[in-house]
Amino acid sequence: MDKQRIVVVGNGMVGHKFIDTLVQDASADKFDIVTFSEESRLAYDRVKLSAYFTGTTANELALTDEGYYQQHGVNFVLSDKVVALDTVNNHVVTESGRQEPYDKLILATGSFPFVPPIPGNDQPHCLVYRTIEDLESITESGKDSQVGVVIGGGLLGLEAANALKNLGVETHVVEFAPRLMAVQLDDGGARLLQRKIEQLDVQVHTEKATTEIVAGETCRYRMNFADGSFLETDMIVFSAGIRPQDELARQYGLEVGERGGIVINDNCQTSVDNIYAVGECALWQGRIFGLVAPGYSMAKAAVSHISGGTGAFIGADMSTKLKLLGVDVASIGDAHGQTAGAQSYTFNDEVEQIYKRLIISEDGKKILGAVLVGDVDAYGTLLQMMLNDMELPENPAALILPAVDGEASSGFGVDALPDSAQVCSCFDVTKGQIKEAVANGCTDMASIKGTTKASSGCGGCTGLAKQVLDAELASLGFEVKNDICEHFAYSRKELADIIRIKEIKTFDELLTSHGEGLGCEVCKPTVGSILASFWNDYVLDDQHIGLQDTNDIFLGNMQKDGTYSVVPRIAGGEITPEKLIVLGQVAQEFNLYTKITGGQRIDLFGAQLHELPSIWKKLIDVGFETGHAYGKSLRTVKSCVGSTWCRYGVKDSVGFAIEIENRYKGLRAPHKIKFGVSGCTRECAEAQSKDVGIIATENGWNLYVCGNGGMRPRHADLFASDLDDKTLQQYVDRFLMFYIRTADRLQRTSVWLENIDGGLDYLKEVIIDDKLGLAEELENEMARNIRNYQCEWKTTIESSEKLKRFQHFINSSDPDNKLSYITEREQRRPATKFERIDIVEVTD
């Protein structure tokens with residue numbers, strides 16, 4: 001029996017998915033497959049295209065190779081575009097003149113970037129962002145450009161902006177709509193996304209319609225806008241949306257939609273029965289699906305129909321989770337609340353820069369949609385609850401309240417999901433299929449990926465897939481691995497042991513010996529913290545670059561307007577008049593908002609990036625050091641005046657607090673650490689709400705551990721009584737190093753204690769009774785950490801190379817002149833959005 005000839009036009013992600021699905025099908029031996037690509041390479045991952053600018057190679061982006069196609073008998077033709085279609089005689093014609101007959105034709109031609117019809121859009125350095133070749137052109141243009149503009153503030157536009165930023169050019173985004181990602185985000189989510197992006201020195205210009213591109217005065221080009229304003233730039237990247245690549249269908253009689261797209265039915269057949277269309281070129285029930293997962297579903301439906309199956313394409317959810325310019329963003333379902341009767345819960349934390357909105361039905365029983373910016377941990381749960389029509393809990397707001405200090409977030413667990421719940425939309429993998437894979441011997445994410453392909457596409461489902469894996473392993477009686485991420489098959493505790501025992505000093509060394517891949521935003525800062533905890537190297541040493549978040553990178557806390565706060569260490573809250581005067585002088589000179597913190601320190605707000613070294617130098621010159629307010633480290637040791645002044649004080653709480661703070665300053669840990677020292681049981685220093693609390697008695701010091709404030713306060717537990725100075729110090733050394741060794745990532749001491757088997761009694765056995773024989777070792781580790789302490793501010797200002805990072809713009813030391821302030825209570829503060837508008841109007 002002759003084989004059917006299948007011709008696939010287009011070898012992008014969806015075209016390859018069709019081929020891959022067909023060759024794995026039981027009927028594969030009935031077909032001969034030929035695929036044509038107008039590009040010079042086989043299918044690659046366009047979803048992760050921006051990784052090309054951070055070192056990922058074209059080979060690493062590849063989804064297949066010649067060997068795989070040859071193994072499965074797939075014939076492929078590269079760099080030869082199909083330009084003609086004969087639907088009567090069933091053959092296609094390529095640009096080179098090649099004719100290829102077919103029994104079934106698959107159009108997987110995808111889409112092309114839309115370039116607005118702006119006069120001047122075809123000049124050199126006016127580019128698009130779609131293929132690896134486009135990225136190579138952008139890279140070349142970047143070598144000869146200082147300023148770059150992306151036209152388009154959608155998903156691809158922000159990816160393109162990230163590419164320009166990675167090239168080191170001053171980056172701008174120009175968007176016609178009034179907000180970024182107008183399709184996916186509501187006003188609140190878009191506002192926060194814009195704020196976070198602008199804090200990364202990417203300027204956003206919304207409600208701008210470009211009328212022409214002409215020669216510039218200070219740059220290569222000048223973009224004139226309809227409102228009379230303009231922007232000068234050296235290069236322009238168009239990413240203003242996509243259009244379906246449907247020219248073959250239009251020219252040769254296939255039905256297309258009024259606004260483009262090849263019309264298909266549920267089997268993905270076009271108006272000609274033996275021709276199918278899949279992916280972004282296809283129009284199903286009036287809709288174009290611009291994500292890869294729906295394209296994969298179409299490919300599977302087409303294969304099913306061709307091979308005699310019953311699978312069909314019935315639409316697709318367009319929810320998405322991604323990271324744009326380092327900002328986590330997710331959109332689910334009806335993100336704009338347009339459903340009749342829709343209600344919403346909103347959580348907006350301007351300090352931590354987190355925005356969440358949950359849209360629910362009129363009767364309050366079902367999720368309709370959600371928007372998440374800054375914290376997308378709830379994405380998997382919310383998406384599954386919506387897709388599976390699950391009823392909301394009694395307090396739906398709990399689903400978007402953030403996890404606090406290492407606590408598990410509120411909401412449903414994976415056990416509540418039905419087996420039919422789709423975990424991986426790229427490969428249509430259900431919870432039931434993952435459970436089946438576990439039952440058949442898969443015990444880690446690598447084997448789950450290999451067996452089901454879950455999380456091997458865009459990666460957005462990795463967290464949920466891991467939860468299903470862990471839950472199923474636990475139900476079957478297996479020990480559940482607590483791997484920190486896909487790059488390290490170890491928990492934080494195990495990584496800490498490896499680093500300590502093998503004396504590993506860098507992330508690259510650890511990755512080479514015990515990991516794989518390139519690392520991610522989870523493992524890099526975690527390993528960075530562990531390295532600092534044990535070796536206490538300079539945090540901005542070249543070998544540690546890339547492991548820190550924004551605060552650590554610039555040794556200061558970034559504020560909502562993109563400026564920084566400066567917090568010098570004031571041990572025990574004690575400060576001389578001379579130092580107090582200098583703080584006032586610095587605040588006055590740099591016009592900084594000044595506030596005394598809850599930890600008895602002085603916080604100076606509003607310093608621009610380029611001002612930080614100058615401020616640090618003035619403070620260091622009079623004896624101040626960094627207060628590490630930006631790090632997961634010892635923050636403060638709060639004290640009362642104790643016996644020095646107070647008539648009730650029984651011990652010198654200030655002196656001991658200063659000694660304690662100077663001992664542990666700079667100590668990096670899984671989370672921030674706070675101390676308190678009270679001179680008597682009246683507890684003016686509130687020591688019992690701290691990670692380490694010390695209270696004076698007539699017989700010595702009482703030691704309390706594992707308390708914290710925050711959204712879920714916890715009183716510290718009495719750990720030991722009537723201690724002398726030396727013994728207390730030994731216990732604290734051991735306690736802190738044991739916490740550093742064994743706690744999970746971002747876990748406060750309070751949650752750590754709650755998760756320790758045996759609780760406080762076990763902790764006493766380890767620290768006081770030395771049950772594990774670790775006491776001396778823990779003390780020695782602390783002593784080494786103390787010996788290696790250095791003031792990071794001082795080290796930085798002494799390095800001309802490190803100081804280069806403290807400027808707003810590439811190749812320019814100019815300040816950021818776009819900041820707006822309001823004077824209130826005789827100090828300046830950032831202007832709100834509406835106040836900024838008033839300021840502009842007055843200025844104009």
Side-chain angles (χ1 to χ4, degrees), residues 6-23 33-39 41-49 61 63-64 74 76 81-82 85 92 102 104-114 129-132 154-156 241-250 254-257 259-272 274-306 311-318 320 424-428 453 457-458:
I6 309 291
V7 171
V8 183
V9 179
N11 193 242
M13 295 182 74
V14 176
H16 170 67
K17 177 64 176 178
F18 173 87
I19 295 169
D20 193 41
T21 304
L22 186 57
V23 299
I33 305 171
V34 180
T35 182
F36 290 91
S37 172
E38 61 182 281
E39 291 191 57
R41 52 176 56 87
L42 291 173
Y44 54 88
D45 191 344
R46 293 187 198 276
V47 175
K48 299 176 181 175
L49 202 57
L61 289 172
L63 295 174
T64 187
V74 178
F76 55 91
K81 181 180 179 180
V82 172
L85 172 61
V92 297
Y102 64 81
K104 305 285 187 185
L105 178 65
I106 314 301
L107 298 178
T109 49
S111 61
F112 63 89
F114 170 64
Y129 183 88
R130 188 65 176 165
T131 67
I132 288 180
L155 295 176
L156 288 177
I242 58 172
R243 297 292 184 269
Q245 190 76 268
D246 56 11
E247 60 181 353
L248 275 177
R250 288 181 180 277
L254 276 66
E255 183 183 356
V256 297
R259 300 180 63 184
I262 307 168
V263 176
I264 61 170
N265 61 18
D266 292 356
N267 298 317
C268 297
Q269 291 171 288
T270 68
S271 54
V272 177
N274 68 336
I275 300 178
Y276 298 72
V278 293
E280 292 173 340
C281 66
L283 182 73
W284 179 83
Q285 295 191 5
R287 295 185 66 189
I288 297 286
F289 294 87
L291 297 177
V292 68
Y296 282 0
S297 296
M298 291 181 191
K300 290 182 65 176
V303 168
S304 178
H305 190 257
I306 290 171
F313 180 73
I314 56 174
D317 176 66
M318 294 295 285
T320 184
C424 175
S425 57
C426 289
F427 293 98
D428 191 22
K453 294 195 175 179
C458 70

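We're numbering straight along the sequence, starting at 1.
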Student check: side-chain heavy atoms of F18 and I306 closer than 4.5 Å: yes
So M298 and I264, do their side chains get closer than 4.5 Å, heavy atoms only? yes
Would you mind checking if K81 and E247 are paired as a salt bridge, meaning a charged N to carboxylate O distance below 4.0 Å? yes
Ignoring hydrogens and geometry, is there a side-chain-to-backbone donor-acceptor pair from S297 to F313 under 3.5 Å? no
Nearest 0.5 Å, please: how far is CZ in R250 from CG in L85? 14.5 Å
Look only at the side chain of D246 and the backbone of G261, and say whether a donor-acceptor pair between them is shorter than 3.5 Å. yes
Looking only at heavy atoms, which two atoms of A301 and A312 are closest? And how far apart? CB-C, 3.7 Å
Side chain to side chain contact (heavy atoms under 4.5 Å, CB included) partners of Q269, counting only residues at least two apart: N265, N267, D273, Y276, H305
Please determine if E38 and R130 form a salt bridge, counting it only when a charged side-chain N lies under 4.0 Å from a carboxylate O. no
Tell me if a side-chain donor or acceptor on S111 pairs with a main-chain N or O of I242 at a distance below 3.5 Å. no
Pair R46, T131 - check side chain to side chain contact (heavy atoms under 4.5 Å, CB included), show working. CA-CA 7 Å; R46 293 187 198 276; T131 67; 3.6 Å; yes
Looking at OG1 of T21 and OH of Y296, how far apart are the two atoms once the value is rounded to the nearest 0.5 Å? 9.0 Å
Side-chain (N11) to main-chain (A43) donor-acceptor, under 3.5 angstrom: yes
Heavy atoms, side chains only, cut-off 4.5 Å: are L107 and L254 in contact? yes
Looking only at heavy atoms, the pair that brings I288 and E280 closest together is CG2-O, 3.6 Å
Please confirm whether the backbone N or O of A277 pairs with a side-chain atom of T270, one donor and one acceptor, at under 3.5 Å? no
Can a donor-acceptor pair be found, under 3.5 Å and without considering hydrogens, that links the side chain of S304 to the backbone of K300? no
Using 0.5 Å steps for rounding, measure from the CD1 atom of I262 to the CD atom of E255. 11.0 Å
Do Y102 and V34 come close enough that some side-chain heavy atom pair is under 4.5 Å? no
Kindly assign one of parallel, tilted or perpendicular to the pair W284 and F289, based on the angle between their ring planes and the thresholds 30° and 60°. tilted
Tell me the closest heavy-atom pair linking P244 and C281, and the distance in Å. CB-CA, 3.9 Å
Less than 4.5 Å apart, side chain to side chain, heavy atoms only: is that true for L105 and N274? no
In short, I132 meets Y44 closest at the heavy-atom pair N-OH, 3.2 Å
Please report the shortest heavy-atom distance between Q245 and T109, naming the atom on each side. O-OG1, 2.6 Å
Are side-chain heavy atoms of M13 and L63 found at a separation under 4.5 Å? yes
Within the 4.5 Å heavy-atom criterion, are K453 and D20 side-chain neighbours or not? yes
Between G257 and L283 the two heavy atoms that sit nearest each other are CA-CD2, 3.5 Å
